[in-house]
Amino acid sequence: MGAAGWIFKSEPDTYGIQDLKREKRVRWDGVRNYTARNFLRDGVKLGDPVAFWHSSTKVAGVAGLAKVVKAAYPDPTAFDPKHAAYDPKSDPAAPRWISVDVAFVSALPQVIPVAQIRADPVLSGLLLFRLNRLSVSPVEAAAWARLRKLAGWKA
DNA sequence: GCCAACGTTGGC
DNA sequence: GCCAACGTTGGC
């Protein structure tokens, strides 16, 4: 049984929910953490919902909803020497890093703050809070249902 | 911008 | 393969 949904973190100064709204769809690349990579490769499925998390900003927390529109494939930025996330140790014949594509669904009128999520008895157990540095993390069914309700998402 | 947490690296 | 040093993340 897989996760009901996912949390993807991004710094809005670099790429926020409004950028995704404008572009409609984006390649989620540059993930260089093995735990996050494993979730992208083995867990994230086509059609899965993704809570878009704003980090390192005035109000950190859930900023909107996206969905997975392309499942795991090799992250091309790992092979690009000019890219900040270039990894010379990633062999194109055995790619080390993984991307997925996500599409915009909706933006929240205001961010659900991290403090509110942490204080919620259902959401306080999110893996996000135990593995603070994880940029891709699963949300189990009960927690997803709670988050969906807080955010007012239909699906 | 401070600092705690923690994943990664590299010397041994 | 241990573990100290280092770098990065991310909330405050």
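In what follows, every chain begins at residue 1, and chains take the letters A, B, ... in the order their sequences are listed. The shown structure was predicted, so the numbers you read here are calculated from the model rather than taken from an experiment. Worth knowing before you read on, the calculation uses all heavy atoms, side chains too, and leaves out hydrogens, waters and symmetry mates.
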When all nucleic acid strands are considered with a 4.0 Å heavy-atom cut-off, which category describes Ser55(A): base, sugar-phosphate, or nothing?
sugar-phosphate
Supply the members, apart from Trp97(A), of the Ile/Leu/Val/Met/Phe/Trp/Tyr cluster built from side-chain contacts under 4.5 Å; use none for a lone residue.
Tyr34(A)
Pick one: which of Arg25(A), Lys67(A), Lys24(A) meets salt bridge (charged side-chain N to carboxylate O under 4.0 Å, His left out) with Asp101(A)?
Arg25(A)
Checking Leu147(A) against Leu123(A) for the side chain to side chain contact (heavy atoms under 4.5 Å, CB included) test, could you report, in this order, the C-alpha distance in whole Å, the side-chain angles of both residues, the deciding distance, and whether it holds?
CA-CA 8 Å; Leu147(A) 186 58; Leu123(A) 296 174; 4.3 Å; yes
Is the Phe8(A) to Trp28(A) ring centre distance short of 6.0 Å?
yes
Check: Phe52(A) ring centre within less than 6.0 Å of Trp6(A) ring centre
no
Start and end of chain A contact along DNA chain B [non-hydrogen atoms, under 4.0 Å]
dC6(B) to dT8(B)
